[in-house]
A.B. asks: 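Okay, handing you the structure first.
Order of appearance sets the numbers: ligands from 1, and atoms from 1 within every ligand.
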Amino acid sequence: MHKPHPDLDLDKDPRYVADVTGKEGLESGIAVSFNPATGEPIAGVKLDTADSYEQTVAEAQEAFKRWRTVPAPVRGEVVRNIAVEMRRLLEPLGELESIEVGKIRAEGIGEVQETIDIADYAVGLSRMLGGKTVPSERPQHRMMEQWLPLGLVGCITAFNFPNAVWGWNAMIAAVCGDVTVWKPSLLAPLTAIATNNIADRVATEMGHPGIFRLVIGTDDEIGERMIADKRFPLISATGSCNMGRHVGQVVAGRLGRCLLELGGNNAVIVDKDADLDLAAKSTVFGSVGTAGQRCTTSRRLIAHKDVVDELVGSMARAYKTIKIGDPLEDGTLVGPVIGQRTVDAFESAVEQAKAQGGEVLVGGKAHKPDGLGGWFVEPTIIRAPANNELPIAMDETFAPILYVFTFDDLDEALRMQNSVDQGLSSAIFASDVRTTERFLNVDGSGSDCGLAYVNLGTSGAEIGGAFGGEKDTGGGREAGSDSWKAYMRRQTCTINFGSELRLAQGIRFE
Ligand code: NAD
């Protein structure tokens, strides 16, 4: 049985259930979290009910009334101390992620670092949440915008970023004066409890209890309740396109605001003058990192016909040296996928690709590393037939499969890249500035994605930029730049400091 790291205080949380068999169904009121590397249960988590949800949201409303009165820079001090505490607990928290979702240790720790980075960013932001003063058309009038706290933010997260996606939302929301109620994935509830408890403990010790809340439950009982709940002016939801399509409609139906961060089907274009070594290394990381379970994973490689063989040859050699296994062991580069459903989806995609004329160049099978009973697959490269027709590549299979296409002319490559439903991340490797500028064309005819990289792979965003994607990726933007505006209410204020009534547009009403 897993022993939680003592500094994380997981076993002191009233939701934590140490002794589970793994056979408990959700109807027992407990969700069991499994270690995907071993297939064994880690611990259980007591699920919220309609009543406990109601109590949490009612308390969050009361906390919001207090929190919004705290000056933004003082809110920033709370976030600064959360970042200090996250730094102290960086390793145990990162390792818990490795145990619960199978990320290799460096990536688990890297994810917590991302929360620390966004917290640092939010601290600075807490002194910069200003609005504009706008020239009024009327004498002795002043017009200005101010940004006000929004209220409760319902934060729904996917299993694959069980810490940082909350961080992107909750750290920014906190300095904006909002209270975050987090509904994590049932595949990673332990990381959520440990993470939220750190933030809640720090804020409570500083005299601000109840700003970070957690509800853990099934989509039917808790998820649906939250998205339909008018007390949440903003629902920020990360996950699959299917989930987002539904959540977006329900929230729109009550005229709420949605921030959607959904699936991706990201391509890397490699032109004939590219630095092939750089392109190969970046694309290997982009396609096999996190076992292909990032929204920004490179899923399609579109390579010029003159370089495709050399590029794919060197990537295939690299793939064959990748150590698949225990994510906590030194040297492992690919850990498990999250569960059997992903192994099934992987096998089905490989079979469909073969039936559609694809050729498996590397991998293609489920895998069982020695001594581990969990869920693993081989990182896989599949080459599309010469006519580039491979319909399965239009889907996001959340596993490490890279489909290879070939092009002759850049417009054709861009057309292929933009031909999928999603629009999250995109990359080009090329040396000619005319090629890279065509890819980034300011007229909008280049990449249609929210993220566009030149001589960098599709995954591994920095928090300073706005993160998110277009089309079926949902249009949301989180993290840096002006993403904070989604968490605040804009008020346009006009002040008449004269003594005459002056109407806009010169209207006379006498
Ligand atoms: P998922 O859609 O199965 O679940 C995501 C979250 O939505 C979970 O918390 C789930 O419980 C919740 N949910 C599902 N139905 C709901 C409902 N009816 N009401 C309320 N909540 C509901 O996704 P997943 O398998 O956990 O994650 C993988 C997917 O997430 C991939 O498609 C990936 O690309 C995407 N993702 C996107 C980003 C991004 O920033 N764009 C980041 C990470 C993951």
A.B. asks: Nearest heavy atom to atom 2 (O) of ligand 1 wins, so pick from P189, G239, S240.
C.D. replies: S240
A.B. asks: In a check of side-chain contact (heavy atoms from CB on, under 4.5 Å) between M315 and each of V362, L402, L361, which one passes?
C.D. replies: L402
A.B. asks: Nearest protein heavy atom to atom 10 (C) of ligand 1, by residue and atom, and its distance?
C.D. replies: D219 OD1, 3.5 Å
A.B. asks: If you measure from each heavy atom of R341 to ligand 1, is any distance below 4.0 Å?
C.D. replies: yes
A.B. asks: Give the residue and atom name of whichever protein heavy atom lies nearest to atom 36 (N) of ligand 1, and the separation in Å to one decimal.
C.D. replies: C295 CB, 3.6 Å
A.B. asks: What part of I227, side chain, backbone, both or neither, has a heavy atom within less than 4.0 angstrom of ligand 1?
C.D. replies: side chain
A.B. asks: Name the closest protein heavy atom to atom 41 (N) of ligand 1, giving the residue it belongs to and the distance to 0.1 Å.
C.D. replies: L262 O, 2.8 Å
A.B. asks: Please answer whether the main-chain N or O of R341 pairs with a side-chain N or O of W375 as donor and acceptor at a distance below 3.5 Å.
C.D. replies: no
A.B. asks: Could you name each residue pair satisfying ring pair (Phe, Tyr, Trp, His ring centres under 6.0 Å) that touches residues 454-476, not counting sequence neighbours?
C.D. replies: W168-F467
A.B. asks: In terms of atom number and element, which parts of ligand 1 are under 4.0 angstrom from non-hydrogen atoms of N160?
C.D. replies: 43 (C), 44 (C)
A.B. asks: Is a salt bridge present between D472 and R245, judged by a nitrogen-to-oxygen distance below 4.0 Å?
C.D. replies: yes
A.B. asks: Closest by any non-hydrogen atom to atom 17 (C) of ligand 1: pick that one out of E478, Q293, E224.
C.D. replies: E224
A.B. asks: For atom 26 (O) of ligand 1, find the nearest protein heavy atom and state the residue, atom name and distance (0.1 Å precision).
C.D. replies: F159 N, 3.1 Å
A.B. asks: Of all the non-hydrogen atoms in the protein, which one sits nearest to atom 8 (C) of ligand 1, and at what distance?
C.D. replies: T157 O, 3.3 Å
A.B. asks: Is R294 touching ligand 1 with its side chain, its backbone, both, or neither, if touching means heavy atoms under 4.0 Å apart?
C.D. replies: neither
A.B. asks: What part of M243 sits under 4.0 Å from ligand 1 if we count only heavy atoms: the side chain, the backbone, both or neither?
C.D. replies: side chain
A.B. asks: Whether R294 and E111 form a salt bridge (side-chain N of Lys/Arg under 4.0 Å from carboxylate O of Asp/Glu) is what I want to check.
C.D. replies: no
A.B. asks: Is any side-chain heavy atom of I392 closer than 4.5 Å to a side-chain heavy atom of Q356?
C.D. replies: yes
A.B. asks: Is it true that D448 and R415 make a salt bridge, defined as a side-chain N closer than 4.0 Å to a carboxylate O?
C.D. replies: no
A.B. asks: Under a 4.0 Å N-O cut-off, is there an ion pair linking K12 with D9?
C.D. replies: yes
A.B. asks: Looking at atom 19 (N) of ligand 1, what's its closest protein heavy atom, distance included?
C.D. replies: G223 C, 3.6 Å
A.B. asks: Return the option from F467, W182, F398 holding the heavy atom at the smallest distance from atom 40 (O) of ligand 1.
C.D. replies: F467
A.B. asks: Do me a favour and list the nearest non-hydrogen protein atom to atom 27 (O) of ligand 1 with residue, atom name and distance?
C.D. replies: A158 CB, 3.3 Å
A.B. asks: Is the closest N or O pair between W168 and ligand 1 shorter than 3.5 Å?
C.D. replies: no
A.B. asks: When you check the gap from the basic side-chain N to the acidic O, do K471 and D421 get nearer than 4.0 Å?
C.D. replies: no
A.B. asks: Distance under 4.0 Å to a non-hydrogen atom of H246: what atoms of ligand 1 satisfy this?
C.D. replies: 18 (N)
A.B. asks: With the threshold set at 4.0 Å, does a side-chain nitrogen-carboxylate oxygen contact exist between E95 and K103?
C.D. replies: no
A.B. asks: Does E396 approach ligand 1 within less than 4.0 angstrom via side chain, backbone, both or neither, non-hydrogen atoms only?
C.D. replies: side chain
A.B. asks: From atom 5 (C) of ligand 1, work out which of I156, V250, T238, T297 has a heavy atom at the shortest distance.
C.D. replies: T238
A.B. asks: A188: what forms a side-chain contact (heavy atoms from CB on, under 4.5 Å) with it, not counting sequence neighbours?
C.D. replies: E100, V101, P162
A.B. asks: How long is the straight-line distance from OG of S426 back to CG of N418, given to the nearest 0.5 Å?
C.D. replies: 8.0 Å
